[in-house]
Amino acid sequence: MKIAEIIVDVPTRQTNKTFDYKIPETLEAVIKPGIRVIIPFGPRKVMGFVVGIKEETAITNSALKKISEAMDVFPVLTDELLDLGKWIAEETISFYIITFQAMLPQALKVKYHKQIELLTDNKEELPSSIAAIMADRDLIDFDEFQQRNGNYSQLLKAAQEGLLEISYMVKSKATKKTILYLTPIKEIQAFDEALQDIPLQAKKQRIIVEHFLYNPESIPQKELLEKFQTTAGSINPLIKLGLIKKEYKEVYRDPFKNKDLERTYALPLAVQQQEAINPILKAIQKVQHEVFLLHGVTGSGKTEVYLQAIEQVLNNGKEAIVLVPEIALTPQMVNRFKGRFGKKVAVLHSALSKGEKFDEWRKIQQKKVQVVVGARSAIFAPFENLGIIIIDEEHETTYKQDEQPRYDAKEVAKYRARYHNCPVVLGSATPTLETFARAKKGVYHLLELPHRMNEGPMPAVEIVDMRNELHRGNRTMFSEKLMEEIKIRIARQEQIVLFLNRRGYSTFVMCRDCGHVMNCPHCDIALTYHKSSHLLKCHYCAYETGMPATCEECESDTIRFFGTGTQKVEESIQQLIPEARVIRMDVDTTRKKGAHETLLKKFGGHEADILLGTQMIAKGLDFKNVTLVGVLAADAMLHFADFRASEKTFQLLTQVSGRAGRHELPGEVVIQTYTPEHYSIEMASKYQYNQFFAHEMKVRKTFHYPPYYFLTLITISHQNQIRVMEVGKMIRQLLTKHLSERATVLGPTPSPLVRINDRYRYQCMVKYRDEPNLKEIIRKILTHYHDEMKKNDLSIQVDFEPNHLM
DNA sequence: AGCACGCCGACT
DNA sequence: GTCGGCGTGCTC
């Protein structure tokens with residue numbers, strides 16, 4: 001007898017292992033590793049992933065249960081992805097089931113339905129309260145039973161007596177969209193003959209028969225009915241005659257259906273691009289795993305290198321994965337891939353609906369496409385013949401998931417590429433220190449694109465010291481220089497991008513009389529004023545409150561706004577340059593689906609002079625009319641207590657600067673800062689990546705940070721601050737005791753944000769170079785606190801190689 | 001997660 | 001003596 005090893009959909013420590021089930025003979029042909037099944041688990045039914053098939057089991061035969069149902073016909077996880085999932089679960093200390101779910105589209109998750117099913121015909125046998133709820137029905141949802149205050153112990157008793165059954169339904173959320181087609185099933189002559197027989201007054205029927213006579217193909221019923229302005233009434237007789245049949249065909253929801261993209265062809269490569277692509281093509285041809293770092297300044301033509309490398313891969317009959325950060329922000333990028341490879345491309349990104357994502361995924365599973373362009377999770381595209389993996393803007397932190405499982409798509413890419421013997425290309429103008437260090441050491445193959453494609457110079461950058469502005473009595477957030485440049489562009493009908501990394505109106509609200517600052521009652525953070533809604537909002541939890549007229553401490557009415565957010569900037573531009581048309585892009589204006597694209601399209605069509613935005617406008621935008629980029633507060637992120645603050649600032653400034661002067665018109669950048677002497681601002685303004693790298697590496701070495709040391713961050717949180725500190729101290733002790741002397745254990749220290757959502761957060765950090773036992777020790781610590789975590793809402797989060805320390 | 005089991009106090 | 005509170009441990 002065949003036995004299946006199954007990971008069940010119950011995310012707990014105790015169930016994080018395989019369970020053995022008998023495969024019923026009827027299912028033997030279908031059940032394979034990677035198939036989802038429904039199984040009895042304890043008293044209920046749950047979904048599970050088959051991860052292995054074997055002949056024998058250590059479980060006594062009487063305890064062994066049978067698989068109830070198969071949920072898939074074809075495996076949703078390939079053997080490769082099953083192995084990968086297991087590896088990720090172990091690397092990140094996550095449950096297997098969580099990892100498998102993370103590798104699949106949301107739509108493949110299941111819902112559980114608990115129901116009460118009546119078994120007896122005679123309702124009189126039931127306790128009266130239950131009979132009342134059931135009324136004249138034989139089946140009700142358990143939810144309803146609970147809502148109407150049903151008596152649970154009576155219900156259990158009735159179930160034991162066999163009067164009713166508590167049943168568990170596992171429901172698939174996946175919906176395949178189908179369309180009703182009409183298909184001719186007789187030869188043309190039959191239609192000709194039918195025309196003789198159908199009475200003349202049945203005009204519409206005759207028209208339809210004629211249609212099929214000349215177009216003997218399947219056609220959606222809806223389309224046919226619309227074409228001839230008729231109803232299903234004139235179709236049915238033809239079906240009775242056996243001329244045509246109704247047939248449901250699966251269709252894919254196409255998020256791009258309303259777009260006509262012009263087909264593009266390979267562009268001639270510049271010398272530097274040719275030199276960069278050759279080693280990649282060689283690796284593709286030799287079916288050899290190798291990691292390339294494509295280090296190219298903004299506008300140097302990295303995308304064309306990607307496109308032509310993929311073309312080679314497709315010619316070899318293989319497939320390609322392209323990861324881009326938060327793809328919804330870069331429709332321009334997606335359009336380039338769609339334009340080049342057309343129907344061969346599937347797109348997976350967060351702006352798609354669940355159904356749309358599922359459809360795109362199915363196109364991959366069914367081998368209908370060969371290229372995937374997508375955000376982080378697209379790295380799990382179920383291709384079986386990968387020829388290349390490309391990760392654009394590799395320095396972006398979004399490639400690491402910041403919840404369980406905390407996988408890093410870059411590491412997953414390398415794992416998959418090793419399996420498939422194919423190259424990985426990491427592309428960036430500002431690679432992370434880790435990546436660039438590996439490239440310099442020769443672990444990665446470094447490819448450089450030092451020049452812009454248009455042969456133009458990088459835009460000139462001017463740093464403005466805002467302290468001087470203040471001394472000169474300029475109290476606006478615009479320096480004279482920036483204001484002047486903005487006015488020039490507007491007069492010349494050129495466009496401007498303004499960048500400010502803070503949304504809302506003001507960053508804090510303070511009483512001038514007593515100095516009281518309005519804080520979030522649940523988090524240790526100042527509330528941000530949002531003018532449009534006249535609300536004070538917390539950016540870390542959902543808290544919001546009306547703006548008070550007087551100070552809540554001293555009742556003075558001199559409450560003032562401090563700090564600047566995008567809303568306030570928008571307002572002042574309107575005041576200072578009334579004729580300027582501004583588009584504001586931040587989380588608040590792009591919440592709606594498709595809002596990104598609409599706003600960018602407007603800007604692209606020159607319906608506005610200024611694009612003002614946060615983070616989200618820093619990446620990938622390419623507008624030929626933009627000749628000025630203004631960074632309003634370059635030091636905003638510099639003062640975060642984070643060892644990557646300098647690196648992030650350098651990357652951001654370089655990326656933003658790259659938005660200017662990408663085409664014929666020369667670009668200019670104005671950076672406003674209060675710390676113009678800081679090396680990351682100074683070097684970014686001169687595009688000195690290598691100098692910045694050298695300088696920052698020294699800093700990292702001195703302070704024992706990556707890439708010289710590995711980091712592991714353990715964050716403990718609980719409502720009770722004392723308990724958090726106690727647990728933190730204990731964890732520190734355990735780590736110090738079991739790790740080697742070469743490892744440093746720091747903490748527990750309060751997180752940069754001590755309290756979020758009424759929970760105190762403390763962290764311990766481990767710095768190390770080689771601690772093979774670290775994972776095992778942490779696992780033991782987690783086991784030790786397992787009960788308290790379950791019962792007392794204690795949380796211990798482990799983040800290996802964290803992106804930030806927040 | 002859900003549920004059974006089993007050990008304790010409160011009650012007919 | 002029994003009912004029900006919740007702490008503990010198991011689910012192939």
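Within every chain, numbering begins at 1; the chains are lettered A, B, ... in the order of the sequence lines, protein sequences first and strands thereafter.
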Test side chain to side chain contact (heavy atoms under 4.5 Å, CB included) applied to [X] - qualifying residues, sequence neighbours left out:
X	result
A:Asp787	A:Lys791
A:Glu801	A:Phe710
A:Pro105	A:Leu108, A:Phe358, A:Trp361
A:Leu119	A:Glu165

With distance as the sole criterion, is a donor-acceptor pair present between the side chains of A:His420 and A:Glu384 under 3.5 Å?
-> no
Going 5' to 3' along DNA chain B, which nucleotides are the first and last within contact of chain A (any atom under 4.0 Å from a heavy atom)?
-> B:dA1 to B:dC3
Base of C:dT11 and ring of A:Phe19 stacked, centres under 5.5 Å, planes under 30° =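 Stacking is absent between C:dT11 and A:Phe19, given that the ring centres and planes do not meet under 5.5 Å and under 30°.
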Which heavy atom in A:Leu323 sits nearest to a heavy atom in A:Ala378, and how many Å separate them?
->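 Heavy atoms of A:Leu323 and A:Ala378 come nearest at CD2-CB, 3.8 Å.
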Residues within residues 24-33 of chain A bordering DNA chain C, heavy-atom distance below 4.0 Å = none
Classify the nucleic acid contact of A:Tyr21 as base, sugar-phosphate or nothing, counting any heavy atom under 4.0 Å across all strands shown.
->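 Sugar-phosphate, no base atom in range.
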Which part of the nucleic acid does A:Ile59 contact within heavy-atom distance under 4.0 Å: base, sugar-phosphate only, or nothing?
->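 Base contact.
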How long is the line joining [atom1] of [X] and [atom2] of [N], in whole Å?
X	N	atom1	atom2	result
A:Phe49	C:dC12	CZ	C1'	18 Å
A:Asn16	C:dC12	CG	C1'	15 Å
A:Lys65	C:dC12	NZ	P	4 Å

Any pair with a residue in residues 130-142 of chain A that passes side chain to side chain donor-acceptor pair (under 3.5 Å), sequence neighbours left out, goes on the list, sorted by first then second residue, please.
->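 Non-adjacent pairs meeting side chain to side chain donor-acceptor pair (under 3.5 Å): A:Arg137-A:Glu144.
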Would you please name every residue forming a side chain to side chain donor-acceptor pair (under 3.5 Å) with [X], sequence neighbours left out?
X	answer
A:Tyr407	none
A:Asn720	none
A:Arg406	A:Gln797

Tell me the ring-ring contact (aromatic ring centres under 6.0 Å, His included) pairs involving residues 21-49 of chain A, sequence neighbours left out?
->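 Those involving residues 21-49 of chain A are A:Phe19-A:Phe41, A:Phe49-A:Phe100.
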Are there any protein N/O atoms within less than 3.5 Å of an N/O atom in nucleotides 5-10 of chain C, and if so, which ones and at what distance?
residue : atom : partner  : partner atom : Å
C:dT8   : OP2  : A:Lys791 : NZ           : 3.2

